[in-house]
Amino acid sequence: MDCSECINFKKVVIVGCGFVGAATAFCLMQSGLFSEMALIDSDQLKAEGEAMDINHGVPFNKPMKIYAGSYDDVKDASVVIVTAGANQKSGETRLDLVKKNINIFKSIIPEFKKRKFKGILLIVANPVDILTTVAIKLSGLPENRVLGSGTVLDTARLKYEIGNLLNIDSRSVHAFIVGEHGDSEIAAWSSANVSGIKLDKFCEMRNLYNYKEIEEKIANDVKNSAYEIISRKKATYYGIAVSVKRICEAIVRNERSILSISSMLHGQYGIEGISLSMPAIVGREGVETFVPIQLNDNEIKNLRLSAKRLKEILDQNKI
Ligand code: NAD
């Protein structure tokens, strides 16, 4: 049977209804992208409560069936989003979550395989690059159908910071964070521009001449933003929820948008066998292809270091 016959393109499943899963569900309810959404959590009452609460917004939006589901719901879903897993506590890095969340994934991902899930698997739980690599292995899905939210959120944070600094619409900023969604992430300054104008030139237009200091400050602010938010409110969820909605849009509407999702690399920049974030064309089939943006020697060196660091962690946690 052709895959398109068994997939309901209007159905999404969210596994994990904590801060991130619930905010994502709320965001997707308002998006009009799907007409059916099943929420799954090991805490069944939490999934039920979130479904009940979010359903009460439906009369103000588009018709949608939202309910606490089970793994049988993944059978015909077009997108399954996994946010289940421990989150960072104040002082913890994303990589501190590895063992706990790999174990959680070992209990979740095989459930999709059992039900012959054929849609797109979108990983959000952290450390997202490691867990995307793990999900590819455990799901048996073709690699292009398993992607992580990667640095889509970090890229949004970067655009926000640059837009703010230059006092322009952040949507006119074209810049990416690549590599790990985490402490070794890289701001790809060498390809950053504002509507085609190189960033250093745009800074000059705005009478900002300390470009190198600006770069460094913005990259650090972006990298540390999750720590700053977590130290104040214990979790981050709105930014990631909108990022996940954006990725779903690209998939469901077959937009072929270029997003810095996390996906398996095979030889790009000399990196092999690990999922990392690079700008890629994203559509109904998941990841179509990576987009080789211009990176300078230093950025490539740091990207390889980022991959090496993740690979070592993955090797220590054999799947
Ligand atoms: P949370 O603790 O609020 O929610 C986690 C949920 O997962 C809980 O409801 C829990 O019951 C559920 N869960 C745990 N084990 C499960 C299992 N085996 N099956 C089903 N459900 C299970 O955490 P959160 O703040 O929502 O964060 C969730 C994950 O998302 C964390 O790993 C966090 O680091 C990550 N996160 C990622 C990004 C990103 O950019 N990728 C951003 C923010 C948070």
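This one's a predicted model, so the numbers in the text were calculated from it and none came from an experiment. Note that ligands are numbered from 1 as they come in the structure, with each ligand's atoms numbered from 1 the same way.
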Distance-only polar pair, side chains of Ser275 and Ser263, donor-acceptor under 3.5 Å = no
Do Glu48 and Tyr67 have side-chain atoms, one donor and one acceptor, less than 3.5 Å apart?
-> no
Is it true that the side chains of Lys89 and Asn87 contain a donor and an acceptor less than 3.5 Å apart?
-> yes
Please tabulate, one line per pair, the protein N or O atoms found under 3.5 Å from any N or O atom of ligand 1, giving the distance to one decimal.
unit_1   : atom_1 : unit_2 : atom_2 : d
ligand 1 : 3 (O)  : Phe19  : N      : 3.0
ligand 1 : 9 (O)  : Gly18  : N      : 3.4
ligand 1 : 9 (O)  : Asp41  : OD1    : 3.4
ligand 1 : 9 (O)  : Asp41  : OD2    : 2.6
ligand 1 : 11 (O) : Asp41  : OD1    : 2.5
ligand 1 : 21 (N) : Ser42  : N      : 3.2
ligand 1 : 23 (O) : Asn87  : ND2    : 3.3
ligand 1 : 25 (O) : Asn87  : ND2    : 2.8
ligand 1 : 26 (O) : Phe19  : N      : 3.0
ligand 1 : 26 (O) : Val20  : N      : 2.8
ligand 1 : 32 (O) : Ala86  : O      : 2.7
ligand 1 : 32 (O) : Asn126 : N      : 3.0
ligand 1 : 34 (O) : Asn126 : ND2    : 3.1
ligand 1 : 36 (N) : Asn126 : ND2    : 3.3
ligand 1 : 40 (O) : His181 : NE2    : 3.1
ligand 1 : 41 (N) : Val124 : O      : 2.9
ligand 1 : 41 (N) : Ser149 : OG     : 3.1

Any side-chain donor paired with an acceptor under 3.5 Å for His181 and Asp129?
-> no
Residues Asp73 and Tyr71: side-chain donor-acceptor under 3.5 angstrom | no
Tell me whether Leu141 is reachable from Val124 by hopping between hydrophobic residues (I, L, V, M, F, W, Y) whose side-chain heavy atoms are closer than 4.5 Å.
-> no
